[in-house]
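Computation of the quantities below employed the complete heavy-atom set of this structure, encompassing side-chain atoms and omitting hydrogens, waters and symmetry-equivalent molecules. In this chain, numbering begins with 1 at the start of the sequence shown. As the structure is a prediction and not an experimental result, all values here were calculated from the model.
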Amino acid sequence: MNKGLRFSITILIVVLTLSVFGATPAFAADLDLPGINLSDEPAAVGNTVTIILLLTVLSLAPAILIMMTCFTRIIIVLGFVRTALATQQMPPNQVIIGLALFMTMFVMAPTLSSVNETALQPFLDGRITQQEALSQAAIPIKEFMAKHTREKDLLLFLDYAGAERPQSVQDIPLSALVPAFAISELKTAFQMGFMIFIPFLVIDMVVASVLMAMGMMMLPPVMISLPFKILLFILVDGWHLVVKSLLLSF
């Protein structure tokens with residue numbers, strides 16, 4: 001790109017910027033731009049706090065998705081399937097993550113529906129306060145996580161924090177329940193991954209033994225075993241079995 005063309009493009013960008021941001025006052029007055037109202041009126045303050053809470057939830061959405069839902073177990077098991085097949089990047093990461101997201105939405109649908117009915121809709125209708133909405137929303141989420149959390153994992157964090165033994169699920173603090181749920185999900189996912197690896201490991205061992213018996217030691221066994229592993233996975237309808245096992249595990 002020569003200097004003359006680069007200078008012309010720069011002038012064009014400046015003119016367009018001035019035409020947009022240097023609009024007339026009448027035009028600027030007609031624009032209804034959203035903003036944060038810092039007045040003392042309760043309604044304005046409530047709207048401002050709501051916007052701040054929504055932004056906070058959106059910023060924490062990845063952590064909430066990973067640590068408080070079934071996404072962790074699903075994505076790890078699907079990753080184990082790809083590793084056991086030794087298909088490198090097939091299926092791609094985008095496909096695995098997309099499938100894990102939709103399966104997470106499917107599994108978490110009853111919990112999210114309960115949160116919507118008991119917390120979100122009453123809060124939007126003005127029947128409960130923000131603090132009550134947060135308390136109501138935490139109940140179904142705690143019930144889901146506590147159902148899939150091992151007792152010893154939960155006691156690990158409770159004992160470390162010096163907290164008392166909770167009498168009910170609602171009494172469990174999220175600061176202890178969330179990491180306990182995460183490590184429980186990791187253990188379950190690795191157990192399922194181990195079971196997935198066994199048949200493919202047997203195929204690798206058989207292929208390696210045959211190649212060694214034939215004196216073909218320089219030929220990588222993975223190249224020969226890969227088509228057989230894919231064929232076995234297709235014959236047993238592997239994706240159906242893996243997804244079925246994941247759904248039944250919840």
Side-chain angles (χ1 to χ4, degrees), residues 53-121 133-158 169-170 172-198 200 233 237-250:
L53 288 176
L54 288 176
L55 292 176
T56 303
V57 171
L58 289 177
S59 63
L60 296 177
I64 294 175
L65 175 66
I66 295 174
M67 300 298 292
M68 301 177 66
T69 66
C70 57
F71 179 81
T72 300
R73 183 189 304 187
I74 295 174
I75 194 68
I76 290 177
V77 171
L78 294 180
F80 270 120
V81 172
R82 186 174 67 179
T83 304
L85 285 171
T87 54
Q88 303 299 328
Q89 295 298 321
M90 289 298 158
N93 291 331
Q94 293 86 344
V95 175
I96 291 181
I97 295 175
L99 178 59
L101 285 173
F102 276 94
M103 289 182 62
T104 301
M105 293 171 57
F106 182 79
V107 174
M108 298 296 298
T111 302
L112 297 178
S113 178
S114 179
V115 170
N116 180 61
E117 293 176 0
T118 60
L120 182 59
Q121 291 303 323
L134 291 176
S135 300
Q136 291 296 326
I139 293 176
I141 297 177
K142 284 184 177 181
E143 291 177 350
F144 173 81
M145 290 193 295
K147 181 180 178 181
H148 302 285
T149 302
R150 292 177 173 84
E151 183 178 355
K152 66 176 183 179
D153 294 333
L154 181 59
L155 292 177
L156 170 66
F157 292 95
L158 291 176
V169 175
Q170 289 75 15
I172 304 176
L174 284 175
S175 58
L177 182 58
V178 171
F181 171 74
I183 63 176
S184 296
E185 287 292 282
L186 287 174
K187 181 177 181 180
T188 303
F190 273 72
Q191 288 175 342
M192 297 180 69
F194 172 76
M195 299 302 297
I196 291 173
F197 257 95
I198 291 178
F200 300 112
F233 197 70
D237 200 359
W239 289 115
H240 176 82
L241 293 177
V242 170
V243 172
K244 180 180 179 181
S245 299
L246 282 170
L247 295 178
L248 292 178
S249 67
F250 295 103

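Rounded to the nearest 0.5 angstrom, I76 CD1 and L186 CG are separated by 4.5 Å. One distance of note links CE of M68 with NZ of K142; it measures 9.0 Å at 0.5 Å rounding. Here T104 contributes atom OG1 and L99 contributes atom CG; the two are 9.0 Å apart, rounded to the nearest 0.5 Å. Rounded to the nearest 0.5 Å, atoms CD1 (I172) and CD (E143) are 10.0 Å apart. Taken to the nearest 0.5 Å, the CD atom of E185 stands 9.0 Å off from the CD1 atom of I74. Taking CZ of R73 as the start and OG of S249 as the end, the distance is 4.0 Å to the nearest 0.5 Å.
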Legend entry - Chi angles and distances behind the ring pair (Phe, Tyr, Trp, His ring centres under 6.0 Å) call for F194, F80: CA-CA 8 Å; F194 172 76; F80 270 120; 9.8 Å; no
Legend entry - Trace of the side-chain contact (heavy atoms from CB on, under 4.5 Å) decision for F181 with T72: CA-CA 10 Å; F181 171 74; T72 300; over 6 Å; no
Inset, instruction - Could you please spell out the steps behind the side-chain contact (heavy atoms from CB on, under 4.5 Å) verdict for L156 and R150? - result: CA-CA 10 Å; L156 170 66; R150 292 177 173 84; over 6 Å; no
Inset, instruction - List the steps, then state whether side-chain contact (heavy atoms from CB on, under 4.5 Å) holds for F157 with I183. - result: CA-CA 11 Å; F157 292 95; I183 63 176; 3.8 Å; yes
Inset, instruction - In sequence, state the C-alpha distance, the side-chain angles, and the governing distance for L174 and M145, and then conclude on side-chain contact (heavy atoms from CB on, under 4.5 Å). - result: CA-CA 10 Å; L174 284 175; M145 290 193 295; 3.7 Å; yes
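Counting only heavy atoms from C-beta outward, the side chains of F144 and P110 never approach each other to under 4.5 Å. Side-chain contact between V115 and M108: absent, with no pair of heavy atoms (C-beta onward) separated by less than 4.5 Å. Contact annotation: the side chain of T87 never approaches that of F233 to less than 4.5 Å [non-hydrogen atoms, C-beta and beyond]. Side-chain contact between L85 and M90 is absent, with no heavy atoms from C-beta onward closer than 4.5 Å. W239 has its side chain within reach of P91: a pair of non-hydrogen atoms, C-beta onward, lies under 4.5 Å apart.
The minimum heavy-atom distance linking A100 with I75 is given by the pair CB-CD1, 3.9 Å. For the residue pair S184 and D153, the shortest heavy atom distance occurs at OG-OD2, 2.7 Å.
In terms of the ring pair (Phe, Tyr, Trp, His ring centres under 6.0 Å) criterion, residue partners of F250 (sequence neighbours excluded) are, by chain and number, H148.
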